[in-house]
Number of protein chains: 2
Amino acid sequence: MGLEERRRREKENRRAAILRAARKLFFEKGFKPVTVESIAQKAELSKGSIYLYFNSKEEIYTQILLSDIEKFHKGIADLFRTGETASDLLVELAKIYINFFLGDKELFRILMTFMLHTEHMNLPEELNRHVVKTTNKTISVIEKIFQYGVDRGEFPPTMNLRLNRDVIWGLLNGIISLHLFTGFEARREERIRATVEEGIREVIRGLIAPEAGAEGPMKAAAGGRTDR
Amino acid sequence: MGLEERRRREKENRRAAILRAARKLFFEKGFKPVTVESIAQKAELSKGSIYLYFNSKEEIYTQILLSDIEKFHKGIADLFRTGETASDLLVELAKIYINFFLGDKELFRILMTFMLHTEHMNLPEELNRHVVKTTNKTISVIEKIFQYGVDRGEFPPTMNLRLNRDVIWGLLNGIISLHLFTGFEARREERIRATVEEGIREVIRGLIAPEAGAEGPMKAAAGGRTDR
DNA sequence: TCACCAACTGACCATCGGTCAGTTAATGAC
DNA sequence: GTCATTAACTGACCGATGGTCAGTTGGTGA
């Protein structure tokens with residue numbers, strides 16, 4: 001009864017074909033200008049068939065993001081093998097990230113758009129959770145590097161891992177967003193890389209450097225003490 | 001002869017009324033779910049009339065952003081009067097920014113959406129330029145603060161103003177984006193504020209700290225202390 | 001040869017952004 | 001008071017598009 005099996009495989013292939021077609025189109029034109037009809041044509045199916053595989057245009061968009069994030073995650077699997085310092089690992093990660101999400105520049109847009117509009121996208125709850133989980137897994141790599149840095153005595157053991165993870169991630173994605181907006185096409189990636197690298201190195205130096213004087217987080221932290 | 005004048009004023013009022021109505025609706029539901037018809041109803045006009053004042057739904061959306069950015073800009077006009085350190089000014093600016101753009105949390109979304117999708121929005125070229133210019137004006141406030149810090153000897157005169165401006169802006173907006181995505185509603189703003197403040201202080205410390213050798217033993221102090 | 005059924009189709013529907021020919025009403029000339 | 005002018009406004013209409021579903025197709029096994 002290899003029939004069932006073959007059917008399953010063929011169905012999976014169709015699905016992949018749709019995603020491939022959609023990917024090409026979305027990366028070419030963005031979200032709105034791509035019609036479901038055009039995706040269907042490119043995948044050599046009818047519009048109706050698309051909806052046998054996906055529930056909405058938004059879901060296709062999200063699935064593309066999902067599989068790309070997973071690809072990225074695989075790509076950084078061997079990051080720790082190199083035996084570099086944690087600082088260099090952070091910069092290295094950032095560079096890979098920039099290459100990956102800006103290689104197809106629309107991909108970064110998809111990522112941010114999703115992050116900003118998750119709620120309005122009304123996707124099936126499960127898919128939503130899946131993307132959030134996958135994204136978090138990626139973000140947590142930053143935290144792992146910090147932990148690694150603490151372990152090898154590079155960073156102070158008292159550092160706040162979560163907070164610094166958020167700072168690095170924010171810095172990285174914020175700088176990319178800014179440059180997509182203002183930067184001219186030419187040499188954009190180069191500038192992003194330089195800015196991100198220097199930003200990360202500054203944060204790290206600041207993390208290591210002694211806190212100057214009485215000012216600083218102390219003042220604010222005093223009021224914001226909020227143990228759960 | 002006050003006729004011409006009165007007409008002009010009334011027209012301006014209508015325009016404002018449309019923007020007010022649209023603002024309420026967009027902030028309530030996001031972009032797509034708001035129909036032009038519903039804006040018209042709320043503004044007590046017909047759909048057709050809306051298009052006497054604006055060229056597209058996107059343009060309305062953008063105008064809201066524009067007028068809000070300008071409001072923000074006025075709000076920080078007196079930032080320099082306080083005589084604080086440049087570091088504190090940066091943190092202060094960030095806090096005002098967070099309050100402002102998260103007070104109506106949709107506003108931040110509008111800002112980022114615009115930055116990410118400027119090109120696909122096909123607005124009149126002039127409006128586009130206007131928003132870019134206004135946004136840049138806001139971003140450049142960060143640079144001014146850095147300059148102020150250099151002038152008063154707080155930061156090294158060799159520092160790269162533009163780069164650090166981009167780092168701070170990126171950090172600020174990236175952290176906000178991240179928290180809108182993952183953070184639970186409760187205590188979100190508080191967390192954002194804490195993370196941003198510490199991030200900024202780290203960058204500043206890193207900016208001041210000697211670049212020193214590859215890795216420096218630390219342990220002396222803890223940036224981003226764990227307050228959980 | 002036929003019954004079954006998963007996969008597929010495309011006509012159809014509802015919604016919505018945007019248009020435009022026609023209406024309304026304020027004004028000012030006579 | 002009457003009428004011509006015209007800016008402001010209206011809403012029926014159009015085209016595009018996301019999504020649906022009743023019906024068709026073709027491979028399979030009896």
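Proteins get letters first, then strands, A, B, ... in listed order; numbering begins at 1 in each.
Of the residues in residues 21-31 of chain B, not one places a heavy atom less than 4.0 Å from an atom of DNA chain D. For DNA chain D, none of the residues of residues 113-124 of chain B falls under the heavy-atom distance limit of 4.0 Å. Within residues 39-68 of chain B, the residues having any heavy atom closer than 4.0 Å to DNA chain D are, in order of number, B:Leu45, B:Ser46, B:Gly48, B:Ser49, B:Leu52, B:Tyr53.
The side-chain contact (heavy atoms from CB on, under 4.5 Å) search around B:Ser140 returns B:Lys144, not counting sequence neighbours. Scanning for side-chain contact (heavy atoms from CB on, under 4.5 Å) contacts around A:Thr135 gives A:Ile69, A:Val131, A:Ile139, B:Phe181, with sequence neighbours left out. For B:Glu119, the side-chain contact (heavy atoms from CB on, under 4.5 Å) partners two or more places apart in sequence, or in a different chain, are A:Lys105, A:Arg109. Contacts of A:Lys32 classified as side-chain contact (heavy atoms from CB on, under 4.5 Å), with partners at least two apart in sequence or in another chain: B:Glu58.
For A:Glu37 and D:dG15, the CD to P distance is 18 Å, given to the nearest whole Å. If you measure from atom NZ of B:Lys11 to atom P of D:dA7, you get 9 Å, rounded to the nearest angstrom. C:dA6 atom P lies 17 Å from atom CZ of A:Arg14, rounded to whole Å. At whole-Å resolution of the value, CZ in A:Arg15 and P in C:dA7 are 14 Å apart. One interatomic measurement links the two molecules: CZ of B:Arg9 to C1' of D:dA7, which rounds to 17 Å at whole-angstrom precision. Between the CZ atom of A:Arg7 and the P atom of C:dA7 there is a distance of 6 Å, given to the nearest Å.
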Listing, residues 12-22 of chain A side-chain donor-acceptor contacts under 3.5 Å, not counting sequence neighbours, or none:
none

**Message:** Go through it in stages, so that I can follow the logic: the residues are B:Lys29 and B:Glu106, the test is salt bridge (Lys or Arg N to Asp or Glu O under 4.0 Å), and I'd like the CA-CA distance, side-chain angles, deciding distance and then a yes or no.
**Reply:** CA-CA 9 Å; B:Lys29 316 191 198 181; B:Glu106 184 66 23; over 6 Å; no

**Request:** Could you go through the side chain to side chain contact (heavy atoms under 4.5 Å, CB included) check for A:Val91 and A:Ser87 one step at a time?
**Result:** CA-CA 6 Å; A:Val91 172; A:Ser87 311; 5.9 Å; no

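Rounded to 10°, the helix from C:dT1-D:dA30 to C:dC30-D:dG1 has 20° between the axis fitted to its first five pairs and the one fitted to its last five.
Pairs of residues two or more places apart, or lying in two chains, that qualify as ring pair (Phe, Tyr, Trp, His ring centres under 6.0 Å) and include a residue from residues 9-44 of chain B are B:Phe26-B:Phe31, B:Phe26-B:Tyr61, B:Phe31-B:Tyr61. Applying the ring pair (Phe, Tyr, Trp, His ring centres under 6.0 Å) rule to pairs touching residues 102-139 of chain A yields nothing, sequence neighbours excluded. Sorted by first and then second residue, the salt bridge (Lys or Arg N to Asp or Glu O under 4.0 Å) pairs with a member in residues 161-177 of chain B read B:Glu143-B:Arg165, B:Arg162-B:Asp166; sequence neighbours excluded.
Ion pairing of A:Glu190 with A:Arg187 is present here, as a side-chain N (NZ or NE/NH1/NH2) and a carboxylate O approach within less than 4.0 Å.
Annotation for B:Arg193: atom CZ counts as buried by contact number, over 12 foreign heavy atoms lying within 6.0 Å. Within 6.0 Å of atom CD in A:Glu126, 12 or fewer heavy atoms from other residues, nucleotides or ligands are found, so the atom counts as exposed in its surroundings.
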